[in-house]
Amino acid sequence: MTNITNNFIIGNIRVGSVEGASCINLGNNTPNHFESHKKHNQGFGTVGGDNNKFEGTRSMLHDPDTLDSPNLAGAIPEWVENLVNKQRSGLS
């Protein structure tokens with residue numbers, strides 16, 4: 001007979017962020033069916049670490065997209081197809 005134990009002795013865990021379809025697992029896990037869709041515009045970027053200091057920082061983000069990437073898990077709505085076709089005909 002096999003004895004499987006889940007004893008964890010952890011001194012310190014530091015998690016900066018958990019978002020979207022992310023998870024933190026300990027032990028015998030089988031995460032599945034994770035799915036996440038999002039648009040992320042970031043003009044400045046990501047800063048990691050501790051005790052950061054930014055003075056006089058300026059940032060600008062220009063996002064001229066008429067339509068961002070649709071979630072293609074389902075059917076594309078008719079209004080989206082019409083918009084794409086309209087943009088394509090204007091580009092040729």
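The structure presented is a predicted model; accordingly, all values stated were derived computationally and were not measured.
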Once side chain to side chain contact (heavy atoms under 4.5 Å, CB included) is applied, do any residues pair with [X], and if so which ones, sequence neighbours excluded?
X	result
Ile13	Ile10, Val15
Thr57	Phe44, Phe54
Asn85	Arg88

**Message:** Could you work out, with salt bridge (Lys or Arg N to Asp or Glu O under 4.0 Å) as the rule, every residue matching Arg58, not counting sequence neighbours?
**Reply:**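 Once residues adjacent in sequence are excluded, Arg58 has no partner under the salt bridge (Lys or Arg N to Asp or Glu O under 4.0 Å) criterion.
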
**Asked** Once you round to the nearest 0.5 Å, how far does CZ of Arg14 lie from CG of Asn12?
**Response**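 Answer for the CZ-CG pair, Arg14 versus Asn12, is 9.0 Å.
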
**Message:** The criterion is side-chain hydrogen bond (donor to acceptor under 3.5 Å, both in side chains); which residues satisfy it with Asn25, sequence neighbours excluded?
**Reply:**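 Asn25 satisfies side-chain hydrogen bond (donor to acceptor under 3.5 Å, both in side chains) with no other residue.
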
**Request:** Look at atom CG of Asn32 and say whether more than 12 heavy atoms of other residues, nucleotides or ligands are closer to it than 6.0 Å.
**Result:**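 Counting other residues, nucleotides and ligands, CG of Asn32 exceeds 12 neighbours.
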
